[in-house]
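Along the sequence shown, residues are numbered consecutively beginning with 1. Computed from heavy atoms alone, side chains included, the values below leave out hydrogens, waters and symmetry copies.
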Amino acid sequence: MNDSDRRPDPDTLLGVVQEEEAKSHRGRLKIFFGGCAGTGKTYAMLTAAQEQMREEVDVLAGIVETHGRSETQKLLQGIPIMPMVEVTHKGITLREFNLDAAKVRKPAIILMDELAHTNAPGSRHPKRWQDVEELLTAGIDVYTTLNVQHLESLSDLVAGVTGVRVKETVPDSVFDTADDITLVDIPTDELLKRLREGKVYIADMAKTRAAENFFKKNNIIALRELALRRTAERVDAQMDAYNVREGIRESLPVADKVMVCVGPDQLSAKLIRTAKRMAVSLKASWVAVYVENIRHYHLSEEGRAAVESVMRMAERMGAKTVMLQGSNAVDEIIAYARESGITKIILGKPHKSRWRDLIYGSLADKIIRKSGAIDVYVVTGDPASDTLFTARNSLFEFKPDLYGLSLLAVALCTGAGVALRSLLTPIDQAMIYLAGVVPVAARLGRGPSLLYSLTSVAAFNFFFVEPIYSFSAYDHSYWMTFCVMLVTSLMITAQASQLRLQAMISRRREHHTQTLYTLTRTLASTRGHQAISEVVTRHIEEVFNAQVTLWVPDPGGHLSPMVGALPEVDYVKEMAVLQWCFDNQRPAGRDTATMPSAIGLYLPLATISGILGVIGIFPKSERKHFSLEEISSLETIESLLASAIERANNAEMAEKSKIEAESEKLRSILLSTVSHDLRTPLASITGAASSIAQDRGKLPMETIRELGRSIHQEADRLSRIVTNLLDVTSLESGTVKLNVQPYFIEELIGSALTRLETTLADHVVTTSSESALPMVMVDGVLIEQVLINLLENAAKYTAAGSLIAISAARKNGMVLVRIADNGPGIPAEDEKKIFDKFFTTALHRAQKGTGLGLAICQGVIRTHGGDIWVESQPEGGAAFCFTLPVAETMAGDMADNAA
């Protein structure tokens, strides 16, 4: 072997690193494993705990069953014991493990005896191994005990060996993912001796019954063998994992893939366990398959529940579950097996053959014939497992209305034939009957169509075959015609039933696809968390006839409702389930393995970036149970909701980043612009003041006066810049409060012209206004400042002697003010940006403008409810226009706002 062959695969190495990273935040599970009770598992667990106590490790006894044995009780001394919590069920108070208190206490190691124990009804989890899983997730190491008969994949073997079927089981995945397995084993004779001495069970009656029914020498030997074999498989799996990490590929076998076919019968549980054991021994992945064909729709509620139970059992044991749909189960199974690369198929064979199997062949026979290179394993069940959960048979189910319609169809065909007897031959009438079976089979089902087939043959014989009105026939060849008619009718019935099923399946698929497509399209066009949540909750309420609530974390991490609310009944309990779902990012509540007694089903909104919230679904019917298909659909919808919310979050973050970038850009512009504009007057002021201070006695008085005027002008310019900045900030923040009063616009224009008399001295200024122009309701000081800014700009950026025209008129219930000049004008590409803060054209930059004056004008006008814009004049120059509300309109708006 060269070095390159031993080099670990990069993808495998990455997977190992990720797995170790995940385990670093998770507690370690150590299982003390034995063949049966009495081998000393609890004793070994307590001995290991005492060793940890001597090393000053924080150990806590969560659940330890000593069964009154003094040796075991001595080992428990010195170990802190977690107080139990009382659970009341049907008036009976039971004591159970306090999971929440243990998580708050958070010891380094907690002792959890009897891993397969079933918790009291009303507990958070139905099983103790689920409590252990939550402790491990919380980062707490767990020591626990387990007998081999409680492993789910081996329970049927144990039942076959001992005759005792174990109801309390633990999924093999818990055993397989444990960090340490310690096999606790003693010789068979020593165990029987311990039993006789009362060290296994204390009560004499119990001891005698256990010895007779379970603790037989051959049973104990078989259980020891199973325990040793399962432990060896675990060691082998650890060796394979080591080989993968080290890149040793020669020892890795060619991968097999196992598929098990299940159905609505008790044999399916045995098939699942058999497939699990085979997959473990072959180190192969496996899948459980169920086919929804026409028989599925004829199952009773008990039968459908059995299918759900079997598929959930397969999931617990680590299988991928697939539900196929099609009229021919054999073709669907073979097609899926070939597409998925299945190498081995496991099937069940009833203990007793049914009449249908004798005629057409069993499912196993058909799959074996079509399997090709795929290996097929047939598992035979015992007589008790042959029971099918079919409370009704649709072929003979009596629905009077459907069977009455079938007889009516025969009567109509007969009536048509009798009416046309002179034109039709008997063969033609037979064709009429055969044509009638098609709509009957397509619309009414198999039972009514079978009745139609039989009665149509009888009617044909009675009404159209000589002797008429008799069930005999002179021509014996008609008996062949009767048989052909019956067989043809039955074949048409079978084909029509299959087409009916295919149409039903197609409609269901189309409806499901259309529903998801509509939801996806709606979500794609919806913006905002609230709107997205309402779209999804409304969809779930309509499709599943349920109430929906959506909870999301606030900035402090506490869940709060965004849509809907929890039911008032058992609010505290439902809130605890919802919080658990959020903390553990796993489904909880109704029809799940966690708190199944809850009213609602809770699903986490989990994405790659983390968990976004929890959605709760509450059926309006108390008897409603969610099927696997419905839960799968809900998980798909939940995934769409999570993706939509994450997309909205990303959009908000992008918008926030954009705003921050724009703010940073504006800040940079502000710093560069303002620093330049402030530096210039400050430099002038500093220079002039320095000259006066240093050379005051030497400078002539006229020079000193000139320097003083320069200081005054530059200080005034500096004051205007600072005032403009403050004005812009106030307008944008909305802190400006208007002191509105009625004014004549001509009065405000005149006041502005008076203040700018010196500035406008070199320009020709004209004013005009419509007659009877109404008053405007404005803040006179601010509007006057707008006029001053616009007139100053007109004077500053036009040549001496140019015309500045001011006009006022009515327009659309507003007063329009227009200030036009015949200067160089505004470039067309700058007209929309001219009112932005710090924006300056080339001419502005040449005149050292700050780009704030027009921004202030825009803010003032819009605060008054008006609008402002710039127009290019055909003859040249620019016209700045703005509108103001008339006094009546402004007063009315203010009255409405006050109301």
Side-chain angles (χ1 to χ4, degrees), residues 727 731 734 736 738-756 760 763-795 797-798 802-836 839 853-897:
D727 289 344
L731 289 168
V736 175
L738 301 180
N739 180 21
V740 293
Q741 294 181 15
Y743 287 90
F744 288 109
I745 192 63
E746 296 91 343
E747 178 185 353
L748 297 174
I749 294 173
S751 178
L753 290 174
T754 301
R755 291 179 60 184
L756 295 176
L760 300 173
H763 292 74
V764 178
V765 180
T766 64
T767 61
S768 63
S769 65
E770 286 185 3
S771 61
L773 199 63
M775 299 177 73
V776 292
M777 184 71 80
V778 295
D779 187 317
V781 175
L782 292 178
I783 297 302
E784 185 176 326
Q785 185 63 46
V786 170
L787 291 167
I788 290 172
N789 286 357
L790 295 177
L791 290 170
E792 279 186 334
N793 280 350
Y797 299 112
T798 58
S802 60
L803 176 67
I804 299 177
I806 307 171
S807 62
R810 296 194 64 150
K811 182 179 181 180
N812 299 328
M814 307 279 281
V815 172
L816 169 66
V817 180
R818 191 170 186 270
I819 300 176
D821 62 59
N822 56 359
I826 305 295
E829 64 272 13
D830 294 338
E831 288 182 359
K832 293 184 178 179
K833 299 181 287 185
I834 195 69
F835 294 99
D836 293 346
F839 179 80
L854 292 178
I856 293 173
C857 293
Q858 178 178 255
V860 171
I861 296 301
R862 288 187 175 176
T863 303
H864 281 80
D867 196 10
I868 186 170
W869 66 94
V870 63
E871 298 174 349
S872 294
Q873 299 192 100
E875 63 274 13
F880 284 86
C881 309
F882 63 89
T883 58
L884 294 173
V886 299
E888 297 84 1
T889 304
M890 188 72 174
D893 292 342
M894 292 175 64
D896 291 342
N897 293 333

Residue pair [X] / [Y]: nearest heavy atoms and the distance that separates them:
X: V815; Y: I745; answer: CG1-CG2, 4.4 Å
X: Y743; Y: G780; answer: CE1-N, 3.5 Å
X: H864; Y: M777; answer: CD2-O, 4.3 Å
X: L773; Y: A809; answer: CD1-C, 3.8 Å

Is there a side-chain contact between [X] and [Y] in this structure, where contact means two heavy atoms from C-beta onward sitting under 4.5 Å apart?
X: T767; Y: S807; result: no
X: C881; Y: I868; result: no
X: D821; Y: L803; result: no
X: T883; Y: V817; result: no
X: I861; Y: I783; result: yes

For the [atom1] atom of [X] and the [atom2] atom of [Y], what is their distance to the nearest 0.5 Å?
X: L760; Y: R755; atom1: CG; atom2: CZ; answer: 12.0 Å
X: L884; Y: M775; atom1: CG; atom2: CE; answer: 13.0 Å
X: E792; Y: Q785; atom1: CD; atom2: CD; answer: 7.5 Å
X: L791; Y: I788; atom1: CG; atom2: CD1; answer: 8.0 Å
X: T863; Y: L782; atom1: OG1; atom2: CG; answer: 8.0 Å
X: R862; Y: F882; atom1: CZ; atom2: CZ; answer: 14.5 Å

query: How would you list, by chain and number, every residue that makes a side chain to side chain donor-acceptor pair (under 3.5 Å) with S802, sequence neighbours excluded?
result: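 With sequence neighbours excluded, S802 shows a side chain to side chain donor-acceptor pair (under 3.5 Å) to T798, given in chain and number order.
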message: Restricting to side chain to side chain donor-acceptor pair (under 3.5 Å), what partner residues turn up for S769, sequence neighbours left out?
response: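 E746.
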- prompt: So L748 and V778, side-chain contact (heavy atoms from CB on, under 4.5 Å) or not? Walk me through it.
  reply: CA-CA 10 Å; L748 297 174; V778 295; 4.0 Å; yes
